[in-house]
**Q** 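The structure's right below; bear with me while I get my questions together.
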Amino acid sequence: MTQAAPKGLALIRMGLGNRKTGVMLAFGFAAGLPYTLLLGTLNAWLGEAKINLATIGLLSWIGLVYAFKFLWSPLVDRMRLPLLDRFGRRRSWLLLCQAALAATFLALSATDPAIGIGWFALVAVIGAFAAATQDVVIDAWRIDVADDRATLGILSSIYQLGYRTAALVGGALALVLAARISWPMVYAIMGGVMAAMLIVTLLAPDTPRPAAIDPAHPVAGPSHRDKRTGLAIVGLCWTWAIVTIAAFMTRALTVAPGATPPSVGDFTRLTGPWIVVATVVVPALVAAWLNGRGAAGEGARSPGWVEHGHRALILPLSELVGRLRWGIVVVLGLILSYRLCDSIWGPFAYPFYLEELRYTNDEVAFASKIFGVGMTIIGVSLGGVLFATLGRMPTLLIGAMVAAASNLLYADLAAGAPVIDAVAGATGLLGLGVDARMVRLMVAISGENIAGGLAGAAFVAYLSSIASKEHSAVQYALLSSLTLLVGSLGRAGLGEAVEQMGYAPVFRFTAALGLVAIGFVLLEWVRWRREVARYGLAPEAAR
């Protein structure tokens, strides 16, 4: 008699006692620390060094590296690292990335941005490339090692928990330390913390590489000419995207004193959509075309570079499009819209708190960096429990709903907080001796961060379930990058809307955007159930 699979709390207890979940917690921390230090806390150091705001704003564009990490993600799946490959398929790349990040923080600690901003920026960009590559490897590792004990839902929630903990260490703790010791010393300490992650990586389990395919034997399906044509189209599109982004970042970071820097808003509005088309839409269409041609193709032998390029760049997309078929439209719609309502306004959070609502720096630091991170951890934990008890699709739907609703909290806060005050008064929060203004801010941040943590855990687990283990690095990197791309494209227009209408109407608009995500989740749930029925999977797989 077959033993029933554990569910609910039993599944959580079994998963949390697994070696893989402990490693996942550390890997989440390793992913979150460089992101926080390079794209957030670094700005505080630059401000203390009296670097002008224009330069600080331009340096924030190193975050584009994360948005386009899928462009070099095929290397993670295909390339064997000299000397390090003996440590394993994923561990070898993690060792390289983590060593590079430790060196980055140490190099930053030895550089004075006030007198060497060019070198400082170059080191930060190199660190961002290492951090984004580490993200690709960690995402692939999570998909590879998931099993019945350490499920994707549990691993995704644990990853988010480690990531948010790193945000607390790299944000609030770094700021506290910087008030007592120098910024270079803070980054030197963080370099030591990053180096300690190498020990965890050496102790982590790894998965074997798929059986090697002899390049002399072609991939069944498309002909040599079709493979070469598809590879040329995708290669040209991705090369154009890389060159365009690199050229913009170079211009932005080398502006002569007194000269006007290039407009970030113009770049995202005018060039951004074409980058999305070149890096996502065109390759997907090429993959669909090759799948169609494969039915009649003879699979002729191709030169080695064509076969290797086809397998590295095209096959992951072809597998995804071929497996999902027309469902790819629903999946892409869900991915593009799911985190949009709560991620698009991120750059305007501090201006909203400090300039619009007139909170002090200390009040915002406590509410968002310390209290807020705790609320996010609660949301991530709640996401893990819901995954184990309700399943993937119900949790994904709940995440979309609460993410949209949390924007209404901020709309109320921007309008004077009448609803928040009424709820706080009815629940006794106003009678706790805390200033009413802080209660309003903490209630809004609590709702947004709990919703963000829950939705984030649900989204990571969903993306992990869509990617195949054979092409996990490329597929997950591509899918996860879409949200960053769309969020970046919408932010310039959102800033103009705030100036014209104010914060409250804009927050109501972003909440309405969440309805689009809810609709796509419902469509995906229907598609998922049909897939389960078609292939005769267990009923739990449709949850």
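One-based numbering along the sequence shown.
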**Q** Shortest non-hydrogen contact from Val439 to Ala424?
**A**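 Heavy atoms only, the tightest pair is CG1-CB, 4.0 Å.
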
**Q** Taking the side chain as every heavy atom from C-beta outward, state whether Tyr410 and Ile445 have any pair of such atoms under 4.5 Å apart.
**A**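 Touching, per the 4.5 Å side-chain cut-off.
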
**Q** Trp525 and Phe520: ring-ring contact (aromatic ring centres under 6.0 Å, His included), yes or no, with the steps?
**A** CA-CA 9 Å; Trp525 201 341; Phe520 274 113; over 10 Å; no

**Q** Tell me if the CZ atom of Arg325 is crowded by more than 12 foreign heavy atoms within 6.0 Å.
**A**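 Open: at most 12 neighbouring heavy atoms sit under 6.0 Å from CZ of Arg325.
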
**Q** Less than 4.5 Å apart, side chain to side chain, heavy atoms only: is that true for Ile518 and Leu397?
**A**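 Yes, their side chains come closer than 4.5 Å.
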
**Q** Would you call Trp528 and Ser465 a side-chain contact if the rule is heavy atoms closer than 4.5 Å?
**A**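 Heavy-atom side-chain distance check passes, below 4.5 Å.
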
**Q** Do Leu108 and Leu38 touch side chain to side chain, with heavy atoms closer than 4.5 Å?
**A**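 Side-chain contact under 4.5 Å: yes.
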
**Q** What is the minimum heavy-atom distance between Leu396 and Ala458, and which atoms define it?
**A**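 Scanning both residues, the minimum pair turns out to be CD1-O, 3.6 Å.
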
**Q** Within the 4.5 Å heavy-atom criterion, are Thr510 and Phe507 side-chain neighbours or not?
**A**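 Counting from C-beta outward, Thr510 and Phe507 do come under 4.5 Å.
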
**Q** Working to the nearest 0.5 Å, report the span between CD1 of Ile126 and CG of Leu122.
**A**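 Here the rounded value is 4.0 Å.
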
**Q** Under 30°, 30 to 60°, or over 60°: which ring-plane class applies to Trp45 and Phe120, parallel, tilted or perpendicular?
**A**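 Aromatic pair Trp45/Phe120 classed perpendicular.
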
**Q** Can you tell me how far apart CG (Leu454) and CD (Gln160) are? Round to the nearest 0.5 Å.
**A**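 Here the interatomic distance stands at 10.5 Å.
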
**Q** Which atom names give the shortest non-hydrogen contact between Thr104 and Gly127, and what distance separates them?
**A**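 Taking every non-hydrogen atom into account, OG1-CA, 3.5 Å.
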
**Q** Looking at every heavy atom in both Arg392 and Tyr462, which two are closest together, and how far apart are they?
**A**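 Closest heavy-atom pair between Arg392 and Tyr462: CD-CD1, 4.4 Å.
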
**Q** Any side-chain heavy atom of Val402 sitting closer than 4.5 Å to one from Ile450?
**A**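 Side-chain contact under 4.5 Å: no.
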
**Q** Given side chains that start at C-beta, do those of Val282 and Val277 come closer than 4.5 Å, heavy atoms only?
**A**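 Yes, side chains in contact.
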
**Q** Take the angle between the ring planes of Trp183 and Tyr187 and call it parallel below 30°, perpendicular above 60°, tilted in between.
**A**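 Ring orientation, 0 to 90° scale: tilted.
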
**Q** Does Val521 reach the side chain of Glu524, with side-chain heavy atoms less than 4.5 Å apart?
**A**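 Heavy-atom side-chain distance check fails, nothing below 4.5 Å.
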
**Q** After noting the C-alpha distance and the side-chain angles of Arg323 and Ile328, does the key distance pass the side chain to side chain contact (heavy atoms under 4.5 Å, CB included) rule?
**A** CA-CA 9 Å; Arg323 173 162 45 89; Ile328 191 69; over 6 Å; no

**Q** In sequence, state the C-alpha distance, the side-chain angles, and the governing distance for Ile377 and Thr165, and then conclude on side chain to side chain contact (heavy atoms under 4.5 Å, CB included).
**A** CA-CA 8 Å; Ile377 291 174; Thr165 303; 4.1 Å; yes

**Q** Is it true that atom CH2 of Trp240 has more than 12 heavy atoms of other residues, nucleotides or ligands lying nearer than 6.0 Å?
**A**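 Yes, the 6.0 Å shell around CH2 holds more than 12 heavy atoms from other groups.
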
**Q** Once you round to the nearest 0.5 Å, how far does CG of Leu155 lie from CG of Leu25?
**A**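 Answer for the CG-CG pair, Leu155 versus Leu25, is 11.0 Å.
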
**Q** Rounded to the nearest 0.5 Å, what's the gap from CZ on Arg508 to CG on Asp412? Could you check?
**A**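 One gets 8.5 Å once the value is rounded to the nearest 0.5 Å.
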
**Q** Rounded to the nearest 0.5 Å, what separation is found between the OG1 atom of Thr376 and the CD atom of Glu448?
**A**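 Thr376 OG1 to Glu448 CD: 7.0 Å, rounded to 0.5 Å.
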
**Q** Looking only at heavy atoms, what is the nearest atom pair of Ala174 and Met190, with distance?
**A**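 So the two residues come closest at CB-CE, 4.2 Å.
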
**Q** Compute the centroid of each ring, for Trp141 and then for Tyr159, and state whether the two points are separated by less than 6.0 Å.
**A**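 Here the rings of Tyr159 and Trp141 have centres that are no less than 6.0 Å from each other.
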
**Q** Pair Phe29, Met197 - check side chain to side chain contact (heavy atoms under 4.5 Å, CB included), show working.
**A** CA-CA 9 Å; Phe29 183 90; Met197 293 296 104; 4.2 Å; yes

**Q** How long is the gap from CE on Met393 to CD1 on Ile398, to the nearest 0.5 Å?
**A**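 Here the rounded value is 11.5 Å.
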
**Q** Can you see which heavy atom on Gly514 is nearest to which on Ala404, and at what distance?
**A**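 Minimum heavy-atom separation between Gly514 and Ala404: CA-CB, 3.8 Å.
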
**Q** Could you walk me through whether Leu357 and Leu413 satisfy the side chain to side chain contact (heavy atoms under 4.5 Å, CB included) test, starting with their C-alpha distance in whole Å, then the side-chain angles of each, then the deciding distance to 0.1 Å, before giving a yes or no?
**A** CA-CA 9 Å; Leu357 302 180; Leu413 187 63; 3.7 Å; yes

